[in-house]
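Residues take their numbers from the sequence shown, with the count starting at 1.
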Amino acid sequence: MKKCLFVFLAFYAGYVVAEPTVIADGSTIYEIGNSTGNDKNFFVKVSGGTTSCNVIAFPLASAGLAGNDEGVLNRAYSAALTAFTTGSKVVITNYDDNSCNGASKIKLTK
C-alpha cells in the first residue's frame, strides 16, 4: 500500500501547475506596442494600481499551457487593445515567475 501511495504522489507531483503571480492589479494601460525589439511578443506600459512594473511583456513562449500558443497571445493582445481604447483597469498575471517579462493573462475590470 505504501509503495502504491508513493507512486501516486510521485506521478501527481509532476502535474502541479505553477501558482499565478499577479504583476499588475487595477492598473491602466497608457501605451501598447506589437513587439519589444522584433521579438515574438507584445508589450504594455501601465500606471496606477498595484504593480512594480512599468513595462509588461507578453511573450509567445508564455502563451498557453505549453507556451507558443498564438491563439492565446492574440486574445491577450485583443484584450490589451480593448483596455487601452476604453481606459478599463487591468489585472495582469504571470504563470512562470514574478517578472514583468513573462505575462500570459490579462483581465479587464471596471
Side-chain angles (χ1 to χ4, degrees):
M1 182 66 180
K2 288 181 184 179
K3 185 176 181 181
C4 183
L5 180 61
F6 175 75
V7 171
F8 172 75
L9 290 175
F11 180 75
Y12 180 74
Y15 288 96
V16 175
V17 177
E19 278 295 312
T21 301
V22 174
I23 55 176
D25 190 357
S27 300
T28 303
I29 296 174
Y30 68 90
E31 186 175 324
I32 187 168
N34 69 326
S35 180
T36 58
N38 277 340
D39 291 331
K40 293 181 178 180
N41 64 12
F42 72 91
F43 74 90
V44 296
K45 290 186 179 181
V46 298
S47 63
T50 304
T51 186
S52 59
C53 304
N54 293 324
V55 179
I56 300 174
F58 288 77
L60 178 59
S62 295
L65 289 175
N68 296 309
D69 188 326
E70 290 182 4
V72 170
L73 186 67
N74 289 339
R75 289 191 301 275
Y77 190 61
S78 178
L81 284 171
T82 300
F84 176 70
T85 303
T86 63
S88 297
K89 306 282 187 206
V90 294
V91 177
I92 299 175
T93 306
N94 180 332
Y95 282 95
D96 297 327
D97 53 34
N98 63 353
S99 78
C100 302
N101 298 318
S104 54
K105 179 182 174 186
I106 182 169
K107 178 172 62 172
L108 281 64
T109 62
K110 288 187 175 184

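Ring pair F42/F58 is parallel by interplanar angle, where below 30° counts as parallel and above 60° as perpendicular.
Atom OH of Y30 sits about 13.0 Å away from atom CD1 of I32, to the nearest 0.5 Å. The NZ atom of K40 sits 11.0 Å away from the CG atom of L73 when rounded to the nearest 0.5 Å. Remark: N54 CG to C100 SG distance equals 8.0 Å, nearest 0.5 Å. Going from atom OG1 of T36 over to atom CZ of F43 covers 8.0 Å, rounded to the nearest 0.5 Å. A distance of 9.5 Å separates OH in Y95 from CD in E19, rounded to the nearest 0.5 Å.
Between T109 and V91 the shortest side-chain heavy-atom distance falls below 4.5 Å. The shortest distance between side-chain heavy atoms of L60 and N41 does not fall below 4.5 Å. Contact annotation: the side chain of K89 approaches that of T28 to within less than 4.5 Å [non-hydrogen atoms, C-beta and beyond].
A donor-acceptor pair under 3.5 Å is absent between the side-chain atoms of S62 and the main chain of S104, judged by distance alone. Between the N94 side chain and the D96 main chain, a donor and an acceptor come within less than 3.5 Å of each other. Side-chain atoms of T51 come within 3.5 Å of backbone N or O of I23 as a donor-acceptor pair. A donor-acceptor pair under 3.5 Å is formed between the side chain of T82 and the backbone N or O of S78.
Residues A79 and L108 come closest through the heavy atom pair O-CD1, 3.5 Å. The minimum heavy-atom distance linking G48 with S27 is given by the pair O-OG, 2.8 Å. Counting all heavy atoms, side chain and backbone alike, A76 lies closest to I106 at O-CG2, 3.7 Å.
Residue V44 forms a side chain to side chain contact (heavy atoms under 4.5 Å, CB included) with just one option from L81, V55, I92, and that option is I92.
Defined by atom type and a distance below 3.5 Å, a donor-acceptor pair is present between the side-chain atoms of D97 and S99. With hydrogens and angles left out, the side-chain atoms of T50 and D25 include no donor and acceptor closer than 3.5 Å.
Within 6.0 Å of atom CD in E70, 12 or fewer heavy atoms from other residues, nucleotides or ligands are found, so the atom counts as exposed in its surroundings.
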